Protein chains: 2
Amino acid sequence: MFSQSVEYALRAVVYLATHMEEPSTTEAMAATTKVPAPYLAKILQGLNRHGIVKSQRGIGGGILLAKPPAELTILEVVNAVDPIKRIKTCPLGISTHGVNLCPLHKRMDDALAMVEKAFHESTLAEVLAEPNPSVPLCEFPGVPLGVRTKAKKMS
Amino acid sequence: MFSQSVEYALRAVVYLATHMEEPSTTEAMAATTKVPAPYLAKILQGLNRHGIVKSQRGIGGGILLAKPPAELTILEVVNAVDPIKRIKTCPLGISTHGVNLCPLHKRMDDALAMVEKAFHESTLAEVLAEPNPSVPLCEFPGVPLGVRTKAKKMS
DNA sequence: CCAAAACAAGACATTTAGATCCGATATTCA
DNA sequence: TGAATATCGGATCTAAATGTCTTGTTTTGG
């Protein structure tokens with residue numbers, strides 16, 4: 001139902017939302033998110049073009065979220081990589097259906113609308129703040145990802 | 001979001017629900033539903049294997065709905081051709097997430113659950129009975145499809 | 001300036017969905 | 001039985017999504 005690219009992109013932005021202090025390299029992100037590195041690079045390019053992330057080349061460079069997690073919705077990310085295509089006109093090209101869809105396509109579009117609404121209403125900040133024993137991308141329950149990776153670096 | 005095959009399959013069963021009296025040939029269905037005939041044939045084979053439709057070979061043969069429209073849900077059709085894959089375990093294979101998904105995947109699965117629920121709750125009969133100026137597959141507002149095609153046959 | 005680090009961009013390979021074709025098989029009816 | 005009608009099943013083709021690779025460009029720091 002959701003493409004692989006969407007799944008990967010969401011993992012990437014979740015990662016970035018927990019690493020706002022400094023740019024993250026594609027390699028580091030790929031390792032944690034378990035996404036093939038070259039493919040992740042391509043997805044990040046797309047997110048960059050859509051203004052979801054910012055990239056910085058050269059030593060010490062990498063990828064940063066373009067805006068605070070509280071202002072970035074799941075829908076924005078999804079629509080950047082694989083837009084939810086609402087059904088606006090009759091797929092059979094029946095002109096007389098024009099404005100109001102037939103009951104069949106109305107139900108399909110309603111489903112799309114529900115998903116769109118749900119994704120529009122959850123921001124990355126909410127996702128990360130949610131009290132839940134499982135932390136996104138992180139193997140260790142209750143331990144914020146940022147803290148964990150920082151600790152790793154020191155060793 | 002929904003595959004082409006799902007769209008085609010739904011058109012097909014809607015057609016069949018309006019032609020319960022006698023078997024419909026793939027050709028006739030393809031013409032009305034505007035689905036490529038050879039591809040529709042393959043989709044119908046799948047629906048047949050899943051017990052959604054029954055097929056009858058030979059002269060006067062064709063495809064029939066396997067049960068009354070009131071007992072066939074959109075979900076059954078969707079799941080027969082392109083199943084909605086709920087997220088049951090962590091896609092990253094993080095074992096500690098096992099039972100309860102992380103907030104990210106929980107939201108994605110919630111979206112899938114909403115769609116699943118909506119589709120489970122609408123039967124073909126409901127879709128066709130809904131008071132709506134646009135009739136599925138039919139160009140002429142308010143005219144039931146079955147009547148129209150019968151009229152055509154006489155000419 | 002030069003070398004290393006990191007992303008950018010496009011070419012290339014692989015896989016899967018979408019679509020087509022054809023010979024085989026089943027069924028009806030004369 | 002034989003001819004006509006339809007689906008069945010597999011082989012094939014195409015296009016798009018997914019995944020990989022290579023070369024170039026930007027940036028930093030010695």
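A quick note: this is a predicted structure, and the numbers were derived from the prediction, not measured. The sequence lines fix the lettering, A, B, ..., with proteins before strands; numbering per chain opens at 1.
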Asks: Can you run down the salt bridge (Lys or Arg N to Asp or Glu O under 4.0 Å) pairs that involve residues 37-64 of chain A, sequence neighbours left out, and say none if there aren't any?
Replies: none
Asks: With the threshold set at under 4.0 Å for non-hydrogen atoms, list the residues of residues 74-83 of chain B touching DNA chain D in residue-number order.
Replies: none
Asks: Show the distances under 3.5 angstrom between N or O atoms of the protein and N or O atoms of nucleotides 26-30 of chain D.
Replies:
unit_1: D:dT26; atom_1: O4'; unit_2: A:R57; atom_2: NE; d: 3.4

Asks: For A:M114, what are the other residues in its hydrophobic cluster, where any two members join if their side-chain heavy atoms are less than 4.5 angstrom apart?
Replies: B:M114
Asks: Just the table, please: protein N/O against nucleotides 9-11 of chain C N/O, every pair under 3.5 Å.
Replies:
unit_1: C:dA9; atom_1: N7; unit_2: A:Q45; atom_2: NE2; d: 3.3
unit_1: C:dA11; atom_1: N6; unit_2: A:K42; atom_2: NZ; d: 3.3

Asks: Find the distance A:Y8:OH to D:dT18:P and express it as a whole number of Å.
Replies: 9 Å
Asks: Out of C:dC7, C:dT20, C:dA8, which has the shortest distance to the side chain of B:Y39?
Replies: C:dT20
Asks: Per the ring-ring contact (aromatic ring centres under 6.0 Å, His included) rule, what does the pair list look like for residues 53-90 of chain B, sequence neighbours excluded?
Replies: none
Asks: For B:I59, what are the other residues in its hydrophobic cluster, where any two members join if their side-chain heavy atoms are less than 4.5 angstrom apart?
Replies: none
Asks: Name the nucleic acid region contacted by A:P38, choosing base, sugar-phosphate or nothing; use a 4.0 angstrom heavy-atom cut-off, strictly under.
Replies: base
Asks: Quick check: on DNA chain C, is the nucleotide nearest A:T25 upstream (toward 5') of the one nearest B:A37, or the reverse? Name the residue that is more 5'.
Replies: A:T25
Asks: With sequence neighbours excluded, give me every ring-ring contact (aromatic ring centres under 6.0 Å, His included) pair touching residues 33-81 of chain B.
Replies: B:Y8-B:Y39
Asks: Quick check against the 3.5 Å criterion: does A:T18 have a side-chain atom that pairs as donor or acceptor with the backbone of A:Y15?
Replies: yes
Asks: Does B:D82 have any side chain to side chain donor-acceptor pair (under 3.5 Å) partners at least two apart in sequence or in another chain, and if so, which?
Replies: B:S3
Asks: Considering only residues two or more places apart or on different chains, which pairs with a residue in residues 58-81 of chain A satisfy salt bridge (Lys or Arg N to Asp or Glu O under 4.0 Å)?
Replies: A:K67-A:E76
Asks: Can you list every pair that meets salt bridge (Lys or Arg N to Asp or Glu O under 4.0 Å) and has a residue in residues 104-114 of chain B, with sequence neighbours left out?
Replies: A:E130-B:R107, B:R86-B:D109, B:K106-B:D110
Asks: With A:K117, which residues qualify under side chain to side chain donor-acceptor pair (under 3.5 Å), at least two apart?
Replies: A:E121
